[in-house]
Structure formats: structure tokens, C-alpha cells
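Since the structure comes first, as C-alpha cells, the remarks are kept for the end.
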2 protein chains.
Amino acid sequence: MSHSLGVRQAQKQKTRQAFLDAALGLLAEQSLSSLGLREVTRAVGVAPTAFYRHFHSTADLGVALVEEALGSLHPMISGTVSTADDSDQRIDRAVALIARHVREHPAHIRFIARERNGGVQKVRAAIAEQMDRFADEVRAELAKQAESDGWSDDDLLMLAGLYVDQMLMTASAFLEADPDDPAEEDRVARVARRRMRLISIGRRHWLG
Amino acid sequence: MSHSLGVRQAQKQKTRQAFLDAALGLLAEQSLSSLGLREVTRAVGVAPTAFYRHFHSTADLGVALVEEALGSLHPMISGTVSTADDSDQRIDRAVALIARHVREHPAHIRFIARERNGGVQKVRAAIAEQMDRFADEVRAELAKQAESDGWSDDDLLMLAGLYVDQMLMTASAFLEADPDDPAEEDRVARVARRRMRLISIGRRHWLG
DNA sequence: CCGCACGGAGAACAGTTGTTTACTGCATGG
DNA sequence: CCATGCAGTAAACAACTGTTCTCCGTGCGG
């Protein structure tokens with residue numbers, strides 16, 4: 001199975017990745033709708049016109065970033081939900097996993113949280129699509145569990161959506177926490193765990 | 001308690017309001033960080049330099065918009081929580097109230113949802129401050145209710161924050177719903193109600 | 001091995017941006 | 001009633017924007 005991409009295509013993908021990285025950096029302090037094409041090319045160290053070889057517009061770049069930030073997360077998410085732990089342990093692990101992911105990929109999370117309601121239609125749509133996929137995958141995992149007996153698929157999707165939204169809000173909260181102040185991070189984690197726990201309790205008593 | 005503002009100050013406030021209105025209109029399709037000062041003055045029909053008589057920067061304008069969008073909402077929110085209805089009726093009324101508010105002030109909601117994680121620090125801070133105030137007010141109302149016996153203030157604040165976040169997410173969901181398709185709006189309302197109901201069930205069984 | 005396709009460079013385009021400086025006209029307070 | 005303060009104007013500034021066109025070097029398919 002070929003690593004055979006040819007020197008040509010390889011270099012192109014490398015440049016493309018440089019665009020994505022540079023853009024992600026610049027987006028730490030502004031929104032996509034204010035990101036200039038020239039600004040990005042300058043950060044990459046390349047001529048403005050080179051941009052068009054890879055993207056039609058900065059909106060296109062944004063969609064690619066959504067893919068990069070969320071595309072690889074699907075196994076992790078449904079994997080976390082599907083573990084056979086006790087409920088509280090599952091919540092602890094989930095929150096810890098989110099904290100870890102935010103620490104490792106802060107720019108990705110910031111980008112998603114920012115552009116989820118951002119000014120660029122296509123990017124909003126791309127994020128919504130991924131979030132819907134997440135919700136549906138979580139729903140599928142929840143359906144396998146014994147606690148879901150008697151639940152309608154519709155209610156399960158509602159619950160899954162609640163969980164997914166909660167995950168992103170938790171991630172966003174970790175982002176705002178001062179990285180030099182571990183106490184603040186702990187506070188965020190504590191609140192997030194209790195929120196999830198309360199939701200899980202609601203789930204347990206939903207029927208009847 | 002004078003309406004006596006003088007012709008002078010009155011005209012100034014009028015112009016200032018024109019800035020806010022024009023900006024809110026322009027922000028329907030972009031983020032604050034990409035909003036140009038000239039763009040706003042052009043929409044108002046006034047010279048670019050006139051902007052500085054009212055705001056230091058577009059970020060300042062944004063903070064003023066946060067005040068306008070959220071400042072008047074405090075009585076409405078805690079009022080809704082404090083009604084003595086049955087829990088399900090309270091939820092129905094709350095969701096209906098959100099739907100109504102979104103229909104009447106869509107631009108305000110869009111702005112808040114967008115800039116809550118937007119690219120402008122000061123505006124994010126202003127929104128966070130208002131949301132924290134909401135949460136604290138809701139906590140105070142919840143504390144009065146009999147169902148809160150045995151709850152710590154910390155847990156009540158956690159619950160209040162969950163409710164408040166849920167309200168904004170619901171509002172944002174209403175915003176995305178096609179206004180010409182009342183069925184879609186109903187779907188959003190149904191999901192929102194069930195989410196709130198599940199949280200309320202979790203609340204009822206939180207202790208023990 | 002050669003010709004072409006293609007990633008990238010460079011220059012030029014008309015518009016736009018935020019900010020400064022100097023100005024005007026008029027409501028207002030003494 | 002008059003002098004001052006202040007909302008708004010006008011012109012100019014250098015810097016920046018997205019896009020088009022022309023060009024160059026070279027990896028790759030025939």
C-alpha cells in the first residue's frame with residue numbers, strides 16, 4: 001500500500017498543510033471571516049497567488065480545517081461512550097480525555113467553538129454536519145446499553161445531542177482556563193463532571 | 001426625572017443608536033472582528049471620523065451591543081424561573097418565551113451566540129460576565145424552591161449554569177430554523193423541552 | 001527523452017482600511 | 001448675548017486587500 005505519492009503531490013500536500021497550520025495559528029486571535037488570504041500566505045512564506053492552487057477561498061480553507069479538527073475524533077468519542085465502566089468512572093474518564101485533548105490541540109478546539117456560530121455559512125454547515133454525526137454515533141452506542149431499554153430512538157438522539165453539546169462546552173471551558181493555573185482547570189473539570197452526572201441521573205429516571 | 005436631555009445629547013444618543021442598529025445589521029453575515037469602522041459609518045450615512053465621537057473602536061461598539069442585547073433580559077430570565085407552575089408547564093413556557101424572543105430579536109441572539117466564542121477578547125469577557133450574572137440570578141431563584149432543600153450553593157450554581165447554557169443553545173437552534181417552516185421550529189422546541197425535562201429529572205434525583 | 005501540466009513567483013489592478021489633522025456650525029451655560 | 005464645547009465634515013495618509021495575468025522551473029507520463 002503505497003506511500004507512493006510522487007515528489008510532486010507530496011510537496012503540494014506539505015504546502016497545503018502549511019496553509020492549514022498557519023491559518024490555525026492566525027485564528028487564535030480572530031475569526032475566519034476576518035482572515036485575509038494574503039495574511040495566510042505571508043505567514044506561510046509564499047506568494048499570495050499560491051493560495052489559489054489549494055483553496056478557492058478562505059471559506060474553503062475553513063471547511064478543510066473543520067475536517068482536520070473533527071474528522072479524526074469520531075473513534076475517540078464513540079469509544080469513550082462505549083466503555084463498560086461504571087457510570088461515574090466513565091464520566092471521569094470522558095472529562096479527563098477532553099482536558100487532555102484540549103491541552104494537545106487547543107487551536108483546533110478554539111476554531112470549532114468559534115466558528116460553530118461564526119460568520120461563514122459553509123463552515124457553520126460543515127461543523128453542524130460533523131456534530132450531527134457525533135450525536136448519531138453516540139446514539140448508536142447508547143442504544144447498545146441496557147439502560148436504554150424502552151427508549152425511543154428519538155429520545156436517545158436527544159440525549160446524545162445533549163452529551164455532545166456538553167462535551168464541546170466543556171472543551172471550550174477548558175480553553176478559557178488559564179493554563180498556568182491548574183486549580184482553575186480542576187474547577188472546570190469538577191463542574192463538567194457534575195453536569196454530566198446530573199444528566200446521567202436524569203437519563204436513569206427518564207422513563208416512567 | 002427629566003426627559004430633559006437637551007437637543008444636543010438627544011441627537012448624540014440617536015446617532016449612537018444608529019451605529020448600534022447598523023452594526024447589528026451588518027453582523028448578520030460576518031463576525032465582529034471583521035467589521036470595519038468605515039463599513040459601519042457608511043451604513044449609518046455619516047463621516048468615518050464621526051465614529052470616534054461615540055466609540056474608541058469596533059470592539060467598544062461590540063461591548064455596547066452586548067449590553068443592549070443582554071442587559072434588559074435579566075428580569076425576564078429570573079422571572080421565568082421563579083413562576084410557581086408545575087415543572088413541565090414551566091419548561092413549556094420557558095421554551096415558548098425563548099422562541100418568541102428569538103423571533104423578535106434575532107440579530108441580538110445571533111450576535112451573542114457568535115461572539116460568545118468570537119475573536120474579540122473584550123466582547124467575550126462582557127458576554128461571559130452577563131452569562132455569569134444570569135447563572136447567579138437563576139441560582140438565587142432555584143434556592144427559593146422546595147426542591148432545592150439539601151443542595152449546596154455550589155451544586156445549585158452548577159445546575160443554574162446548565163440551564164442558562166441550555167437556554168442560549170436553544171435560542172441559537174431557533175435561529176438556525178427556517179422561519180418559513182414552522183414544523184422545523186416545532187422540532188427544535190420539542191427537543192429543547194425534552195432536554196430541559198431530562199435535566200429537571202436529574203435535578204429531582206440528584207441527592208441520595 | 002521530450003513536452004506538457006502544474007506549483008509557485010512577481011507585478012500590477014482598483015478598492016478598501018484605520019487614523020490624523022484642520023475645519024465648520026450650532027446648542028448650551030454663564 | 002456671546003464665547004466655548006462638541007457633534008459631525010472633509011481631505012489626505014500609507015498600508016492593506018482579493019484577483020488577474022504573465023511568467024518560470026521542473027516532476028512526470030507518454
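Just so we're on the same page: letters track the sequence lines, and every chain starts at 1.
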Are a donor atom and an acceptor atom from the side chains of A:Q130 and A:E67 found within less than 3.5 Å of each other?
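A donor-acceptor contact under 3.5 Å links the two side chains.
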Checking A:S200 against A:Y163: is there a side-chain donor and acceptor pair closer than 3.5 Å?
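Indeed, the side chains of A:Y163 and A:S200 share at least one donor-acceptor pair under 3.5 Å.
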Identify whether the distance between the nearest side-chain nitrogen and carboxylate oxygen of [X] and [Y] falls below 4.0 Å.
{"X": "A:E129", "Y": "A:R133", "answer": "no"}
{"X": "B:R193", "Y": "B:D88", "answer": "no"}
{"X": "A:K144", "Y": "A:E141", "answer": "yes"}
{"X": "B:D165", "Y": "B:R116", "answer": "yes"}
{"X": "B:E176", "Y": "A:R124", "answer": "no"}

Relative to the ring of A:H105, is the ring of A:H108 parallel (under 30°), tilted (30 to 60°) or perpendicular (over 60°)?
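Ring orientation of A:H108 relative to A:H105: parallel.
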Tell me the interatomic distance from [X], atom [atom1], to [N], atom [atom2], rounded to whole angstroms.
{"X": "A:F55", "N": "C:dG8", "atom1": "CZ", "atom2": "P", "answer": "11 Å"}
{"X": "A:L32", "N": "D:dG18", "atom1": "CG", "atom2": "P", "answer": "12 Å"}
{"X": "A:L37", "N": "D:dT20", "atom1": "CG", "atom2": "P", "answer": "11 Å"}
{"X": "A:E39", "N": "C:dT17", "atom1": "CD", "atom2": "C1'", "answer": "13 Å"}
{"X": "B:H54", "N": "D:dA7", "atom1": "NE2", "atom2": "C1'", "answer": "7 Å"}
{"X": "B:L35", "N": "C:dT17", "atom1": "CG", "atom2": "C1'", "answer": "12 Å"}

What residues in residues 42-52 of chain A put a non-hydrogen atom under 4.0 Å from any atom of DNA chain C?
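Per residue number, the list reads A:V46, A:A47, A:T49, A:A50.
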Below 4.0 angstrom, which residues in residues 12-22 of chain A have at least one non-hydrogen atom near DNA chain C?
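Contacting residues: A:K12, A:T15.
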For A:R197 and A:D92: C-alpha separation, side-chain torsions, deciding distance, then whether side chain to side chain contact (heavy atoms under 4.5 Å, CB included) applies.
CA-CA 10 Å; A:R197 208 172 294 144; A:D92 291 356; 4.1 Å; yes
Value rounded to 0.5 Å, distance of CZ in A:R90 from CD in A:Q145
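One gets 4.5 Å once the value is rounded to the nearest 0.5 Å.
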Given C:dG18, D:dC28, D:dT17, identify the nucleotide with an atom nearest to the side chain of A:R38.
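For A:R38, the side-chain atoms sit closest to D:dT17.
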Exceeds 12 heavy-atom contacts within 6.0 angstrom, atom CD of B:Q9:
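At most 12 heavy atoms, drawn from other residues, nucleotides or ligands, come within 6.0 Å of this atom.
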Can you check whether any acceptor in the base of C:dC6 is under 3.5 Å from a donor in the side chain of A:R8, or vice versa?
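By the distance-only test, yes, there is a pair.
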Both B:R53 and B:Q9 contact DNA chain C. Which one's nearest nucleotide lies toward the 5' end?
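Looking at DNA chain C, the more 5' nearest nucleotide goes with B:R53.
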What stems involve DNA chain D, if each pair must be Watson-Crick or G-U and both of its distances must be under 3.5 Å, with 3 or more such pairs in a row?
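Correct response: C:1-12 with D:19-30, C:14-17 with D:14-17, C:19-30 with D:1-12.
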